[in-house]
Amino acid sequence: MTDIEKPTNFIQQIITADLEAGRVKEVVTRFPPEPNGYLHIGHAKSICLNFGLAEQFGGTCNLRFDDTNPEKEDDEYVQAIIEDVRWLGFDWGGEPRFASDYFGQLYSWAQQLISDGKAYICELNAEQMREYRGTLTEVGKNSPYRERPAAKSLELLEQMKVGAIDEGAMTLRAKIDMSSPNINMRDPVIYRIKKIPHHRTGDEWNIYPAYDFAHGQEDAIEGVTHSVCTLEFAANRPLYEWFTSNLPLPSIPRQYEFGRLNLNYTMTSKRKLKQLVDEGHVDGWNDPRMPTISGLRRRGVTAASVREFCDSLAVAKTDGIVDVAQFEHFIREDLNNNASRAMCVLNPLKITLSNYPKDQQELLVAPGHPNRDDLPSRELPFTRELYIDRNDFNEDTTLSRKKFKRLVIGEYVRLRSGYVIRADEVLKDATGEIIELICSYIPGTVGQDPPEGVRPRGVIHWVSATNSVDCDLYCYEKLFTVAAPDAGEESFIDHLNPDSLQIIKQCKAELGLAGAEVGQHFQFEREGYYAIDAKHSSAGKLVFNRTIALR
RNA sequence: UGGGGCGUCGCCAAGUGGUUAAGGCAUCGGGUUUUGAUCCCGGUAUUCGGAGGUUCGAAUCCUCCCGCCCCAGCCA
């Protein structure tokens, strides 16, 4: 559908070559989140890439939870992740997979490794292990337990498994090379004792496989052909390959790394996002200021715009920082094309049309969208008393037409989809504050040009004062005041924007908005895009989130 | 510092020895407009981290140098 052909990325090139050479006959990918937090915009890139690759090459993509660390994981996250991936529009055919489904298989592969003399139970504690590991420049030294007989290791592993050994007292380690320049290859721990109930396996296990011992094997079990992960795992690849070549796996998956998405003014670290939630800086994981998928959804960002944005991103090995304005561009693009228009006055200023009959009301018809007639039109009650925005009136009559395209005493303005009016008089209270404007309307100007000599300064939005609906608006700004909240010496908490949320109460919205539902998107003309807040809005109280302002 | 990876416009990025060095975002002009929105036109890198070299010809090949990122969790 796109007229501009997007160049193929290096992973697509590899897959194409693999297919042509017959190395793989069907492409299988996977999105492998750990259920220890909510998904964010960075994950969306990975999701779109993995599911997208499967789609492009007619293969499949699994959703697989990498739940090998019960300490941090929870079913709440599993459910949220499933909802988020679905919402983004992807399907993994059948049930999601879990690393924990393979614990039994993984355990017997561990036994196999021991029998083959390629793994051993080590009794070094954490601190000792660190000392033995060496540093970036010094090689490590062998553990004194390294040559322990396989039979003994097998026996100890079983004891670890049944809970007979204390946490931290022993580990199972792969026997590789303590002098490898790649620290990951210096006899990495592949099983550790954790006497913690697992969200799926309960207290069945007292030991859990480490990431490196699990991931490649999980891929192999599922027949994953191209295991795509982020750059920081590049140093783990030799280890990934060591396992796939030292174990009798049903298939040999290959790992490829690409640069993760970084956005300025945004934080994409599950740990730190969790901190924001736990410390109450935001209203939960789905706070509309959060870069989480659930936060974006609640804010009113569409799944389509997230997908479009992700697809526009390069899949390469450079790790850059994308300007959030680029993301916002796609949010506006989709909303501009699809959101129905509506009017809402944020700072109401009452105006009375002195020449409009007191009890008269006519229903004006406004289009749902300026250039889409498939969206239903709207009925706008027009009455003698209306509200316009205070910012759309100025007492300074010397303002040029070019500079101020709004109401000024003695001049005209067009009410959007309505009449042309003229401001005649300002009413103020004792303190000098403007409380009302007396105006007059020009009959016959709905959908018609005003008579000769009447030149409206511009078009402003409005709402009937006697037949409209009240609502609250939650307007958001960037959560952080600096482009790189995560850099520098100070904590990112110090860079939180104190004005990231502004609540505007008692706004006046056109009547039709009373029936707005969660999931609908609106453009409040001349203001921005808004969507019902699923948390605060209720039958008796309309609450909208500002998804994003108009440019 | 040992290993791994990366450096093309303010940001992202195509480019795979011969192109006027794409495109998007941002930005700056101008036009249309009953949203100061959208839309439409147009401007914005003699140059590809730097220096040498190979070649008729280099962002693309070679050499050296510089800079940035990742790895020393019983996290993933």
Side-chain angles (χ1 to χ4, degrees), chain A residues 4-7 9 13 32-34 36 66-69 71-73 122 124-126 129-131 133-140 167-173 179-186 188-194 207-208 210-212 214-215 229-238 257 259 261-262 264 270-271 312-314 316-330 332-333 336-337 341 343 366-367 369-371 402-406 413-418 420 445-449 456 458-461 483 523-529 549-551:
Chain A
I4 303 159
E5 192 139 330
K6 199 173 154 55
N9 63 55
Q13 290 174 10
E34 181 189 13
N36 66 343
D66 221 349
D67 55 350
T68 57
N69 184 1
E71 215 168 302
K72 300 178 173 179
E73 298 153 7
C122 180
L124 253 26
N125 63 35
M129 198 174 302
R130 196 178 316 121
E131 286 163 10
R133 187 156 35 226
T135 67
L136 294 179
T137 50
E138 305 159 51
V139 298
E167 260 185 53
M170 293 182 190
T171 57
L172 177 65
R173 294 225 260 165
S179 65
S180 170
N182 181 344
I183 296 184
N184 293 300
M185 300 298 271
R186 321 241 259 231
V189 168
I190 59 178
Y191 259 101
R192 68 300 207 200
I193 301 169
K194 278 181 191 288
I207 58 174
Y208 294 91
Y211 166 83
D212 290 301
H215 208 94
C229 62
T230 43
L231 252 26
E232 68 269 26
F233 290 99
N236 298 57
R237 185 170 5 106
E257 311 87 24
L261 167 65
N262 295 299
N264 61 13
K270 266 200 260 183
R271 205 201 96 228
S312 80
L313 264 16
K317 291 175 103 82
T318 46
D319 46 2
I321 300 168
V322 175
D323 193 336
V324 287
Q326 207 152 311
F327 181 30
E328 295 174 341
H329 163 77
F330 286 96
R332 288 198 182 90
E333 181 174 72
N336 177 52
N337 290 334
R341 308 290 123 128
M343 291 194 282
H369 189 105
N371 37 42
K402 174 106 177 145
K403 215 177 158 213
F404 192 69
K405 305 163 103 164
R406 312 173 189 191
V413 95
R414 157 145 250 141
L415 294 179
R416 176 75 162 157
S417 298
V420 170
T445 51
V446 174
Q448 301 293 324
D449 285 336
V459 180
I460 65 172
H461 55 106
Q523 182 201 91
F524 290 173
E525 291 188 287
R526 303 210 309 134
E527 293 290 352
Y529 297 97
L550 244 30
R551 290 202 63 191

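Within every chain, numbering begins at 1; the chains are lettered A, B, ... in the order of the sequence lines, protein sequences first and strands thereafter. Just so it is clear, the values below take in all heavy atoms, side chains as well, and ignore hydrogens, waters and symmetry mates.
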- prompt: When you check the phosphate oxygens OP1 and OP2 of B/A26, does a side-chain N or O of A/R551 lie under 4.0 Å from one of them?
  reply: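 Checking B/A26 against A/R551, a side-chain N or O does come within under 4.0 Å of OP1 or OP2.
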- prompt: Think A/H329 has a side-chain N or O under 4.0 angstrom from the OP1 or OP2 of B/C25?
  reply: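 For B/C25, OP1 or OP2 has a side-chain N or O of A/H329 closer than 4.0 Å.
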With no hydrogens and no angle check, is any side-chain donor or acceptor of [X] less than 3.5 Å from a backbone partner on [Y]?
X: A/E333; Y: A/H329; result: no
X: A/D66; Y: A/E34; result: no
X: A/R332; Y: A/A549; result: yes
X: A/N182; Y: A/A235; result: yes
X: A/D323; Y: A/N264; result: no

Using the [atom1] atoms only, state how far [M] lies from [N], rounded to an integer number of Å.
N: B/C41; M: B/A45; atom1: C1'; result: 22 Å
N: B/G57; M: B/G18; atom1: P; result: 14 Å
N: B/U8; M: B/U60; atom1: P; result: 13 Å
N: B/A14; M: B/C61; atom1: P; result: 15 Å
N: B/G53; M: B/A21; atom1: C1'; result: 23 Å
N: B/U63; M: B/U54; atom1: P; result: 15 Å
N: B/G73; M: B/C6; atom1: C1'; result: 26 Å
N: B/G15; M: B/G23; atom1: C1'; result: 12 Å

field: Step-by-step side-chain contact (heavy atoms from CB on, under 4.5 Å) determination, A/L136 to A/I183
entry: CA-CA 7 Å; A/L136 294 179; A/I183 296 184; 3.5 Å; yes
- request: Could you walk me through whether A/N336 and A/Y529 pass side-chain contact (heavy atoms from CB on, under 4.5 Å), step by step?
  value: CA-CA 8 Å; A/N336 177 52; A/Y529 297 97; 3.2 Å; yes
field: salt bridge (charged side-chain N to carboxylate O under 4.0 Å, His left out) partners for A/R416, two or more places apart
entry: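 Applying salt bridge (charged side-chain N to carboxylate O under 4.0 Å, His left out) to A/R416 gives A/E525.
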- prompt: Is B/G73 syn or is it anti, if syn means the base angle is within 90 degrees of 0?
  reply: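 That one's syn.
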message: On RNA chain B, compare the nucleotides closest to A/F327 and A/S417; which residue's is nearer the 5' end?
response: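 With A/F327 and A/S417 compared, the 5'-side residue is A/F327.
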- prompt: Mapping A/G320 and A/E527 to their closest nucleotides on RNA chain B, which lands nearer the 5' end?
  reply: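 First, find each residue's nearest nucleotide; the 5'-ward one identifies A/G320.
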query: What do the steps show when you test A/L313 against A/L261 for side-chain contact (heavy atoms from CB on, under 4.5 Å), and what is the final call?
result: CA-CA 8 Å; A/L313 264 16; A/L261 167 65; 3.9 Å; yes
Checking all strands, does [X] fall into the base, sugar-phosphate, or nothing category for heavy-atom contacts under 4.0 angstrom?
X: A/K317; answer: sugar-phosphate
X: A/G140; answer: nothing
X: A/V446; answer: base
X: A/E333; answer: nothing

Applying the Watson-Crick and G-U wobble criteria at under 3.5 Å, what pairs with [N]? Answer none if nothing qualifies.
N: B/U1; result: none
N: B/A21; result: none
N: B/G52; result: B/C62
N: B/G67; result: B/C6

task: Report, as a single string ordered 5' to 3', how protein heavy atoms within less than 4.0 Å touch nucleotides 71-76 of chain B: B base, S sugar-phosphate only, - not at all.
output: BBSBSB
Could you state the [atom1]-[atom2] distance from [X] to [N], rounded to the nearest angstrom?
X: A/L313; N: B/C11; atom1: CG; atom2: C1'; value: 12 Å
X: A/D323; N: B/C25; atom1: CG; atom2: P; value: 12 Å
X: A/I321; N: B/C25; atom1: CD1; atom2: C1'; value: 15 Å
X: A/Y529; N: B/A37; atom1: OH; atom2: C1'; value: 6 Å
X: A/K402; N: B/G30; atom1: NZ; atom2: P; value: 7 Å
X: A/L231; N: B/G4; atom1: CG; atom2: P; value: 15 Å
X: A/I460; N: B/U34; atom1: CD1; atom2: P; value: 16 Å
X: A/E328; N: B/C11; atom1: CD; atom2: P; value: 18 Å

task: Write down the atom of A/V413, the atom of A/K405, and the distance for their closest heavy-atom approach.
output: CG2-O, 4.4 Å
task: Write down the atom of A/T135, the atom of A/R186, and the distance for their closest heavy-atom approach.
output: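 Closest approach of A/T135 to A/R186: O-NH2, 2.6 Å.
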So, under a plain 3.5 Å distance rule, would you say the side chain of [X] forms a donor-acceptor pair with the base of [N]?
X: A/R406; N: B/G36; answer: yes
X: A/E525; N: B/U38; answer: no
X: A/Q523; N: B/U35; answer: yes
X: A/R332; N: B/U38; answer: no

List every contact pair, protein side and nucleotides 40-44 of chain B side both N or O, where the distance is under 3.5 Å.
none

- prompt: Do A/L124 and A/R173 pass the side-chain contact (heavy atoms from CB on, under 4.5 Å) test, and can you show the C-alpha distance, the side-chain angles, and the key distance before you say yes or no?
  reply: CA-CA 11 Å; A/L124 253 26; A/R173 294 225 260 165; 3.8 Å; yes
